[in-house]
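For reference, the structure discussed in these notes is given below.
If you read the sequence from its start, that first residue is 1, and numbering goes on from there. FYI, side chains are in, hydrogens and waters are out, and symmetry mates aren't considered; it's all heavy atoms of this structure.
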Amino acid sequence: MTKEHFHFSDRFGLLGDLNAENPIYQIKTERVKTGKPILDLGNSNLTEMGLEFPASVLTHILSNLNASIYEPIPEGLESTRNEISSLYKTRGFQVNSSNFHLTASTSEAYSYLFKLLTNPGDEVLTPNPGYPLFSFLIGLENLKEVHYQLKENQSDGSWVYDAETIANSISTKTKLIVLVSPSNPTGSKTTESFWKIWESFGIQIPVIVDEVFEAYDFFGEPHHLPSNPNFPLFVCHGFSKMLALPQTKLAWILNLSPEPIKTEIQKKLSFISDTYLSVNSLVQLATNELLPWKTMVQNRIRTRIMRNYSLCKEFVNQFSYSKKVHAIEAGWYFLLELNLDKKDEKIVGEILLETGVLLHPGSWYGFSHNRCIVVISLITEEEILEKGLNSIQSFFK
């Protein structure tokens with residue numbers, strides 16, 4: 001069969017040119033091939049940063065599980081859902097196991113909710129700046145991503161959710177609104193004051209709040225979820241960042257929607273879950289032993305973030321090419337805006353080629369191409385971050 005006679009799904013047409021080669025990663029690949037070192041200041045994989053869940057503990061927990069009997073429960077094991085519901089009870093939510101559906105990842109949770117709430121061609125609102133993964137998750141469901149803009153606070157350079165801006169982005173095709181709180185990479189949050197304004201609008205379009213960075217909220221008005229919303233509300237979370245366990249693949253959907261729609265939602269979500277049954281038994285059975293390690297794991301990560309945040313701020317104060325310091329209240333990214341009349345991808349490529357320091361261009365996350373913003377991961381090993389910042393300083397001399 002020739003390529004001309006083979007037809008792929010039209011979904012791929014919504015995702016752009018998948019064969020386009022990224023020039024920054026071309027430079028990285030060439031450096032690796034020639035044995036030149038890379039100082040990756042954009043890496044956010046906890047398992048590569050010395051912040052992974054204790055390996056010996058994980059091995060011990062998994063090796064002592066009895067998973068010989070398979071219980072195909074669409075919502076996930078009730079014992080596991082009870083453990084997760086206890087996390088929310090300590091935060092003041094009146095929930096129980098019936099409010100949850102377990103998934104293999106938050107990406108899969110999005111997929112389930114897209115199937116539940118949308119039809120092909122519908123629009124999903126997502127924040128901009130934001131995380132590029134949404135474009136692929138939405139495109140693969142034959143949906144259309146529409147951005148609403150985060151509002152930039154001119155006094156401190158932070159980005160915030162503005163309820164009126166989101167409301168004004170809604171069209172007749174909007175079927176779902178995504179909020180990430182704390183967001184990545186801006187650290188924006190859905191605060192209590194935000195929800196008061198949002199609920200006053202009386203908008204009934206379903207909302208997803210992705211709170212995977214919930215544990216890494218440091219400054220300002222805290223991340224908040226309404227306990228009794230007057231609109232359909234879904235919360236996505238998981239073990240990836242909560243426990244530094246992206247490899248265990250456990251996440252969940254918490255349905256906080258009002259009755260009577262809440263019960264009908266749970267029935268239909270169970271049907272979708274039953275079709276896939278993707279969550280493995282091992283991680284579900286291990287949950288009650290994994291969760292007690294949450295405080296230790298998160299304290300290590302928070303300590304790394306705050307030390308690196310101080311290091312980056314000190315660097316910026318001594319760096320003559322800093323145009324603006326953007327206040328980050330949550331998450332684990334640092335935003336540096338350079339006082340350069342160059343595209344961010346171009347300067348990132350030049351820095352990588354000359355010094356081996358890899359940064360992320362802000363345009364990858366939706367920041368304007370007209371602003372030279374670079375993104376630094378604050379979970380980078382401290383020694384590597386310090387070396388990388390020194391190399392950047394030398395590059396501009």
So does [Y] get a backbone contact from the side chain of [X], meaning a donor-acceptor N/O pair under 3.5 Å?
X: Asn390; Y: Glu386; answer: yes
X: His369; Y: Ser363; answer: no
X: Ser111; Y: Ser107; answer: no
X: Asp210; Y: Val180; answer: no
X: Gln266; Y: Ser98; answer: yes
X: Lys175; Y: Thr172; answer: yes

Hey, is [atom1] on [X] packed in by over 12 heavy atoms from elsewhere, all under 6.0 Å?
X: Trp364; atom1: CH2; value: yes
X: Lys262; atom1: NZ; value: yes
X: Tyr70; atom1: OH; value: yes
X: Phe271; atom1: CZ; value: no
X: Asn64; atom1: CG; value: yes
X: Lys151; atom1: NZ; value: no
X: Glu354; atom1: CD; value: no
X: Tyr216; atom1: OH; value: yes

Going by the angle between their ring planes, with limits at 30° and 60°, are [X] and [Y] parallel, tilted or perpendicular?
X: Phe319; Y: Tyr321; answer: tilted
X: Trp332; Y: Phe213; answer: perpendicular
X: Tyr110; Y: Phe134; answer: perpendicular

Would you mind telling me which of Glu192, Glu329, Lys189 makes a side-chain contact (heavy atoms from CB on, under 4.5 Å) with Glu221? Glu192
Would [X] and [Y] count as having a side-chain donor-acceptor pair, cut-off 3.5 Å?
X: Lys33; Y: Thr29; answer: no
X: Glu30; Y: Thr34; answer: no
X: Thr126; Y: His147; answer: yes
X: Thr186; Y: Tyr365; answer: no
X: Glu141; Y: Thr118; answer: no
X: Thr355; Y: Ser391; answer: no

To the nearest 0.5 Å, what is the distance between [atom1] on [X] and [atom2] on [Y]?
X: Tyr148; Y: Asn128; atom1: OH; atom2: CG; result: 10.0 Å
X: Asn230; Y: Glu199; atom1: CG; atom2: CD; result: 4.5 Å
X: Cys312; Y: Asn317; atom1: SG; atom2: CG; result: 11.0 Å
X: Thr191; Y: Asp217; atom1: OG1; atom2: CG; result: 10.5 Å

May I ask you to test the Thr103-Thr106 pair for a side-chain heavy-atom distance under 4.5 Å? no
Pairwise side-chain hydrogen bond (donor to acceptor under 3.5 Å, both in side chains) hits with a residue in residues 231-243, at least two apart: Glu214-His237
Applying side-chain hydrogen bond (donor to acceptor under 3.5 Å, both in side chains) as the test, list every pair that has at least one member in residues 275-290; sequence neighbours left out. Glu108-Ser278
Residue pairs, two or more places apart or on separate chains, that pass salt bridge (Lys or Arg N to Asp or Glu O under 4.0 Å) and touch residues 40-53: none
Would you check if the distance from the ring center of Phe218 to the ring center of Tyr309 is below 6.0 Å? no
